[in-house]
Amino acid sequence: MENTMIRCENLTYKYINSEDNSEKYAVNGVNLEVEKGEFLVVLGHNGSGKSTLAKHLNALLIPSEGKVYVDNMDTSDENNTWNIRSKAGMVFQNPDNQIVATIVEEDVAFGPENLGVEPSEIVKRVEESLKTVGMYDYRKHAPHLLSGGQKQRVAIAGILAMRPKCIVFDEPTAMLDPSGRKEVINTIKKLNKDFGITIVLITHYMEEAVEADRIAVMDEGKIIIKGTPREVFKNVELMKKIGLDVPQVTELAYELKKSGIDINTEILTIDEMVNKLCQLK
Ligand code: ADP
Ligand code: MG
């Protein structure tokens, strides 16, 4: 328990259609634990319930049934909401919707200002956060003139300035070009490895998912596979059945095996593939 950052117990959420009062289960009976310092990726096709799950992790949504605990705090207890939001930050897909100020450093200061942090401490945190995401040189710039990847890094700095223990990223690279994607993913990895921040990353890029400690795969509101990237991606057929890809080299190994070649299909990287191929007789 000590070591658990997030715990979902039978998390269930239903949207109610206001026109006919019909109910739709967006998340249905999810059990999930995320350890402190862990890097968890959530995969799933559109509409599988990923964003609804994510919004429960910082009390933007409260379960219809079941419980969510963030650092042992029950999200359904309103007395915890403030504390939970400052501990578990959230970064969304569209950086333009997350930037509130007209100068980068003012934007980053916005979060800690709202938390009531002292001005001298805010100055310190803004500087540190911008350095961490590699945007310090842009502190006087106007955010709307930055590239997508730079804007997203400013949004991340704004969260960092609140000193969170955990950050939930909901498809943070979906609107970025390949170089912007790389900037943002490298930043996320750094926050996890160098600062020990717990990461929950929702993505549909397989090359991002292979970097995770663990992957949870969602389908129709449920988590249907959970495990290390190796354990998850070896389920090539199941992944394809629910409309997801596996890394290209994993698929290649799978096809080679199907055509009768004696090769282990638990391959995630090109280097591993080269090694295995060289061992073939
Ligand atoms: P994902 O992020 O995996 O694409 P979502 O969590 O956004 O999935 O959506 C899960 C399901 O809940 C979908 O069927 C979606 O249509 C439905 N849903 C999401 N948001 C709302 C909403 N505000 N009102 C009604 N239904 C919604
Ligand atoms: Mg979504």
Side-chain angles (χ1 to χ4, degrees), residues 5 36-41 54-55 57-60 70-71 82-203 205 208 211:
M5 187 68 226
K36 286 185 178 152
E38 192 173 13
F39 183 172
L40 177 85
V41 156
K55 286 176 190 154
L57 307 184
N58 73 343
L60 285 176
V70 176
D71 212 7
W82 181 257
N83 229 334
I84 287 170
R85 298 242 172 101
S86 61
K87 278 204 168 127
M90 188 138 175
V91 175
F92 297 93
Q93 193 175 96
N94 189 343
D96 291 322
N97 296 343
Q98 301 172 76
I99 285 170
V100 292
T102 51
I103 297 176
V104 164
E105 63 183 2
E106 286 175 8
D107 192 78
V108 177
F110 188 76
E113 271 165 9
N114 269 341
L115 291 178
V117 176
E118 253 188 68
S120 61
E121 169 71 13
I122 292 178
V123 172
K124 210 177 100 197
R125 289 193 189 185
V126 167
E127 182 180 327
E128 273 174 14
S129 305
L130 282 171
K131 283 183 176 166
T132 300
V133 303
M135 288 299 290
Y136 185 66
D137 290 346
Y138 293 83
R139 63 195 177 280
K140 304 285 183 198
H141 285 226
H144 72 275
L145 296 176
L146 302 175
S147 73
Q150 289 173 325
K151 283 184 205 170
Q152 205 57 311
R153 285 189 284 147
V154 170
I156 295 171
I159 300 291
L160 277 182
M162 295 190 276
R163 297 271 163 89
K165 289 187 168 180
C166 170
I167 307 181
V168 180
F169 293 88
D170 192 353
E171 302 199 28
T173 61
M175 303 182 75
L176 307 181
D177 60 17
S179 74
R181 257 160 55 199
K182 201 156 266 166
E183 290 169 24
V184 169
I185 279 303
N186 287 342
T187 304
I188 293 173
K189 275 172 19 190
K190 178 175 171 185
L191 299 183
N192 179 249
K193 299 277 172 304
D194 298 353
F195 297 86
I197 296 177
T198 308
I199 304 289
V200 177
L201 170 65
I202 298 171
T203 183
Y205 293 108
E208 296 176 5
E211 308 273 357

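No hydrogens, no waters, no symmetry mates; every other heavy atom, side chains included, goes into these values. Worth saying up front: this structure is predicted, and the values here are computed from it rather than measured.
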Query raised in the report: Can you name the closest pair of heavy atoms from Met135 and Gln150 and give their distance?
Result: CE-CB, 3.6 Å
Report task. Any pair with a residue in residues 187-199 that passes side-chain hydrogen bond (donor to acceptor under 3.5 Å, both in side chains), sequence neighbours left out, goes on the list, sorted by first then second residue, please. Result -> Lys189-Glu211
Query raised in the report: From Leu130 CG over to Asp137 CG, what is the distance, rounded to the nearest 0.5 angstrom?
Result: 10.0 Å
**Report entry** Any Ile159 side-chain heavy atom under 4.5 Å of Pro164 side chain
**Finding:** yes
Identify every side-chain donor-acceptor pair in residues 101-109 under 3.5 Å, counting partners at least two apart or on other chains, and give the distances.
residue, atom, partner, partner atom, Å
Glu105, OE2, Lys140, NZ, 2.8
Asp107, OD1, Val100, N, 2.6
Asp107, OD1, Ala101, N, 3.1

Query raised in the report: Between Lys55 and Met90, is a side chain to side chain contact (heavy atoms under 4.5 Å, CB included) present by the stated rule, with each step listed?
Result: CA-CA 8 Å; Lys55 286 176 190 154; Met90 188 138 175; 4.3 Å; yes
Requested in this report: With sequence neighbours left out, write down each residue that passes side chain to side chain donor-acceptor pair (under 3.5 Å) with Arg181, or none if nothing qualifies.
Outcome: Glu207
Query - Side chains of Ile99 and Leu146 in contact at under 4.5 Å (non-hydrogen atoms) - result: no
**Report entry** Residues in side chain to side chain donor-acceptor pair (under 3.5 Å) contact with Glu208, at least two apart in sequence or another chain
**Finding:** Thr173, Thr203
Query raised in the report: Taking all non-hydrogen atoms of both residues, which atom of Gly148 and which atom of Leu176 are closest, and how far apart?
Result: C-CD2, 3.3 Å
Query raised in the report: Which atom pair, heavy atoms only, marks the closest approach of Asn58 to Ala88?
Result: CB-O, 3.2 Å
Report summary line: Residues pairing under side-chain hydrogen bond (donor to acceptor under 3.5 Å, both in side chains) where one sits in residues 156-170, two or more places apart or in two chains, turn out to be Ser51-Asp170, Asp71-Lys165, Glu128-Arg163
Requested in this report: Assess whether atom CZ of Phe110 is packed by more than 12 heavy atoms of other residues, nucleotides or ligands within 6.0 Å.
Outcome: no
Query - Any donor-acceptor pair under 3.5 Å from Arg139 side chain to Glu127 backbone - result: no
Report task. Decide yes or no for Val70 and Cys166: does some side-chain heavy atom of the first lie under 4.5 Å from some side-chain heavy atom of the second? Result -> no
Requested in this report: Scan for salt bridge (Lys or Arg N to Asp or Glu O under 4.0 Å) pairs involving residues 147-156, sequence neighbours excluded, and state none if there are none.
Outcome: Asp96-Lys151, Arg153-Glu183
Report summary line: Smallest heavy-atom separation, Ser129 atom then Ala157 atom, equals CB-O, 3.5 Å
Query raised in the report: Mind checking what makes side chain to side chain donor-acceptor pair (under 3.5 Å) contact with Lys182, not counting sequence neighbours?
Result: none
Report summary line: Looking only at heavy atoms, the pair that brings Arg85 and Ala59 closest together is NH2-O, 2.7 Å
Query raised in the report: Can you list every pair that meets ring pair (Phe, Tyr, Trp, His ring centres under 6.0 Å) and has a residue in residues 118-141, with sequence neighbours left out?
Result: Tyr138-His141
Pairs of donor and acceptor atoms involving the side chains of residues 111-126, under 3.5 Å and at least two apart or interchain, shall be tabulated with distances.
residue, atom, partner, partner atom, Å
Glu121, OE2, Arg125, NE, 2.8
Arg125, NH1, Ala161, O, 2.9

Query raised in the report: For Asn94, what residues pass the side chain to side chain donor-acceptor pair (under 3.5 Å) criterion, not counting sequence neighbours?
Result: none
Report task. Drop me the distance from Lys87's NZ to Trp82's CH2, to the nearest 0.5 angstrom. Result -> 13.5 Å
Query - All side-chain contact (heavy atoms from CB on, under 4.5 Å) counterparts of Glu38, not counting sequence neighbours - result: Val34, Glu35, Asp213, Arg214
Query raised in the report: Quick one: are Thr132 and Phe195 in side-chain contact, heavy atoms under 4.5 Å?
Result: yes
Requested in this report: Measure the spacing between CD1 of Ile84 and CG of Leu60 and express it to the nearest 0.5 Å.
Outcome: 10.5 Å
Query - Worked check of side chain to side chain contact (heavy atoms under 4.5 Å, CB included) between Phe92 and Asn97 - result: CA-CA 8 Å; Phe92 297 93; Asn97 296 343; over 6 Å; no
Query raised in the report: Step by step, would you call Leu160 with Ile197 a side chain to side chain contact (heavy atoms under 4.5 Å, CB included)?
Result: CA-CA 10 Å; Leu160 277 182; Ile197 296 177; 3.6 Å; yes
Report summary line: Sorted by chain and residue number, the ring-ring contact (aromatic ring centres under 6.0 Å, His included) partners of Phe39 (sequence neighbours excluded) come out as none
